A.B. asks: 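Pasting a structure below so you can have a look.
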Amino acid sequence: MLPRFPPLLTGLLALLLLLAAGTTAAAPPPLRLGVLAVLGAEATIQEWFPVLRQLQTALPGYQVSLTHFDHEGLRRAARREELDFVITNPGHYIELEAELGASRILSLDAGSGRTPQSALGSAVIVPRDSSPLRRLEDLRGRRLAVVSHEAFGGYQMLWGELLEQGIDPEQELAGLHEVGLPMNRVIEALEQGKADAGVLRSCMLESRPDWMARYRVLSPREIPGFPCASSTRLYPDWPLAALRHTPPELSRAVAIALLGMTQGEHGMAWSMPADYQSVHELFRKLEIGPYAYLRTPGLKHLAERYWPWMAGMALLILAWVLYTVRVEHLVHVRTSALQDALAARDASEQRMRAAQEQAEHLSRLSVLGELSGTLAHELNQPLATITNYAGSLRRRADNQRLTEAAVREAAGEIADQAERAAGIMARIRSFSRKRVGSCAPVAPGEVVQEAITLFQGMLARAPRVEVDDRLPAGARIGADRLQLQQVLLNLLKNAWDASQELPPERQQIQVSLEEDGDNIRLGVRDLGCGLDAATCAQLFQPFFTTKPDGLGLGLSICRSIAEAHGGRLTAEIPASGPGARFVLTLPKSDAAPGPVQDITALTSDR
Ligand code: ADP
């Protein structure tokens, strides 16, 4: 019969059984190791199996796992906290240390003359017999097979070594042939002729007698006690590192467990962590890993590296500044020279303008002078009439025959004649006055009429002047009235000079006014002696004259006046009949381009 238990005791028993069952059912905590695979999956597992077995044995309460990765895979798994410990090469370790806070707790102790502090080197191998390469310097211009830029033993150690010897493998080799892991692909690349030399972890060559027979190491170093040939200095052995999240007691347990391994018993041993300072120095020199920031160009860095370029640039900038200053100076000098020249030109223009005004004045006086003989005669007529009337009045008074009607008639006649003489004098005075030109819209017909009146008023035996005015009513030109009169008077006087010695039927002058687009043409035609080709060529030159008492300035001044008004003065030999024709062309007032130009500028150009 089964013993009977009180209900309370039965409950407690059931609870204990449940807890016991729960404990046995819970999975053991994980202990996850990640290793960097350099030899391929199978070889890696085989290589690190002693570690796995040691931990399983020493820490039975843990679910120990060992997984292999490449560089990036190991970094990623550690970052995701999928691992508790990493076993990797020293270079990769210092990267994980800086990046993820990995902290070494042990270093491999490979034994056989290798200490944990001096265990790893790289061997540059070349075909034993066929290669002409002897030393590391011979690698210049050659193709080199490496595992990858990230491989510590497979490239970075040699990189540092070459830099120390003044060879930049990135620049001076014919090419870096990256073969990837496992490392024996380097041998394949050499065998396939893809590279002239290859980089292996030291001691790898010695582990394969068949390779040893076919390859030799470049620049092997003499390292006391080190059993293998190395082309580089030695670096500490691989570390085992705990990650930031790994519990310290687990690290301690793992360290104790692995320190218990021995070469003899397990084929692998661990020791207290080595000093990885030499790896830091290498990476600083290569500016990679935690020191990659050194490649970011700081000012000092730039100055050190590119000082010849910077000095060149500074020189260029200096040259440019000097050039600019010189150009500025030259511009300044030339500008002031130009200003002086302009001032001198202004002064000379001023003088010429004064001289021109003087010449115009003289020309007018000359016209008057030439006409003065006939002018005296013209004035004589009213004066003689006045004298006659005055004499007649006196005689009538003497004879007591002075009637009121006679006095009135004589006084009226005297007043008329005096007025006529005064009119002649006023016109001449206004014409001969020295003045500066001013421009205003004028009716060409009116100016022509005034000029003819003045002309005829000055001549005793004035020729007939016919006017043919075809201008529309209201046509205007922008002109200085007096200067225009002067031109017309000159043309009329020249026409008279050319014809006064000829028979009366040749002594007539025709003045025409017509429109020509935006211009108005004033023509003065005579039937006089005419122009020959030689005269035509010199007509407008100053001081050209064919007259014994001529000045030769009239036409030259007239042309200057025409051009100052934006017009022109031309001479024509008429197609039919004798004589000459002078045409003054001036822009219409609404088409005139602006104020009258300074005639001195035009005359001085000629
Ligand atoms: P000047 O009348 O003092 O000689 P101008 O400059 O007025 O000066 O004239 C220059 C020359 O042009 C005259 O001497 C004359 O030979 C010639 N000339 C001017 N007008 C006529 C004309 N209508 N017919 C023929 N020759 C002329």
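The structure displayed is predicted, hence computed values, not measured ones. As the structure lists them, so they are numbered: ligands from 1, and atoms in each ligand from 1. As a basis for the values below, the full set of heavy atoms in this structure was taken, side chains included, without hydrogen atoms, waters or symmetry mates.
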A.B. asks: Just go through G554, G552, A571 and tell me whose heavy atom is the nearest to atom 1 (P) of ligand 1.
C.D. replies: G552

A.B. asks: Please walk me through it: do R408 and E404 pass salt bridge (Lys or Arg N to Asp or Glu O under 4.0 Å)?
C.D. replies: CA-CA 6 Å; R408 195 180 297 280; E404 195 191 332; 2.8 Å; yes

A.B. asks: Starting from the C-alpha separation in whole Å, work towards a yes-or-no answer on salt bridge (Lys or Arg N to Asp or Glu O under 4.0 Å) for R75 and E95.
C.D. replies: CA-CA 9 Å; R75 174 183 283 120; E95 286 182 26; 2.4 Å; yes

A.B. asks: Look at the rings of F152 and F283 and say which category their plane angle falls in: under 30° parallel, 30 to 60° tilted, over 60° perpendicular.
C.D. replies: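 Judged by the thresholds at 30° and 60°, the geometry between F152 and F283 is tilted.
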
A.B. asks: Take D138 and R140, measure what salt bridge (Lys or Arg N to Asp or Glu O under 4.0 Å) needs, and give me the verdict at the end.
C.D. replies: CA-CA 5 Å; D138 299 338; R140 278 200 180 90; over 6 Å; no

A.B. asks: Provide the number and element of each atom of ligand 1 under 4.0 Å from a heavy atom of L539.
C.D. replies: 12 (O), 17 (C), 18 (N)

A.B. asks: Can you confirm whether the side chains of D532 and T535 place a donor and an acceptor under 3.5 Å from each other?
C.D. replies: yes

A.B. asks: Just to be sure I read this right, does ligand 1 sit under 4.0 Å from the backbone of F540, its side chain, both, or neither, counting only heavy atoms?
C.D. replies: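 Answer for F540: neither.
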
A.B. asks: Using a 4.0 Å heavy-atom threshold (strictly under), name the region of D497 that reaches ligand 1: side chain, backbone, both or neither.
C.D. replies: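 Neither part.
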
A.B. asks: Check whether the side chains of T570 and R559 place a donor and an acceptor atom closer than 3.5 Å, and report yes or no.
C.D. replies: no

A.B. asks: Heavy atom to atom 25 (C) of ligand 1, shortest distance: which of P578, G579, P548, G530 holds it?
C.D. replies: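 Among P578, G579, P548, G530, the closest heavy atom to atom 25 (C) of ligand 1 comes from G530.
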
A.B. asks: Below a 4.0 angstrom heavy-atom separation, can you tell me which part of L491, side chain or backbone, both or neither, approaches ligand 1?
C.D. replies: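 No part of L491 is near ligand 1 at this cut-off.
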
A.B. asks: In terms of atom number and element, which parts of ligand 1 are under 4.0 angstrom from non-hydrogen atoms of F544?
C.D. replies: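 Within the 4.0 Å cut-off of F544, ligand 1 contributes 10 (C), 11 (C).
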
A.B. asks: How long is the gap from OG on S499 to CD on Q508, to the nearest 0.5 Å?
C.D. replies: 9.0 Å

A.B. asks: Does the plane of the ring in Y155 sit parallel, tilted or perpendicular to the ring in W159? Use 30° and 60° as the thresholds.
C.D. replies: parallel

A.B. asks: Using a 4.0 Å cutoff against the non-hydrogen atoms of G550, which atoms of ligand 1 qualify?
C.D. replies: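 Matching atoms, with element in brackets: 3 (O).
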
A.B. asks: Could you pull out, from D532, L553, T546, the option with a heavy atom nearest to atom 16 (O) of ligand 1?
C.D. replies: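 Going through D532, L553, T546 one by one, T546 has the nearest heavy atom to atom 16 (O) of ligand 1.
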
A.B. asks: Looking only at distances, please establish whether an N/O atom of ligand 1 is found under 3.5 Å from an N/O atom of D526.
C.D. replies: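 Yes, since at least one N or O of D526 sits under 3.5 Å from an N or O of ligand 1.
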
A.B. asks: List ligand 1 atoms under 4.0 Å from L531, heavy atoms only on the residue side.
C.D. replies: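 Near L531, the atoms of ligand 1 are 25 (C), 26 (N), 27 (C).
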
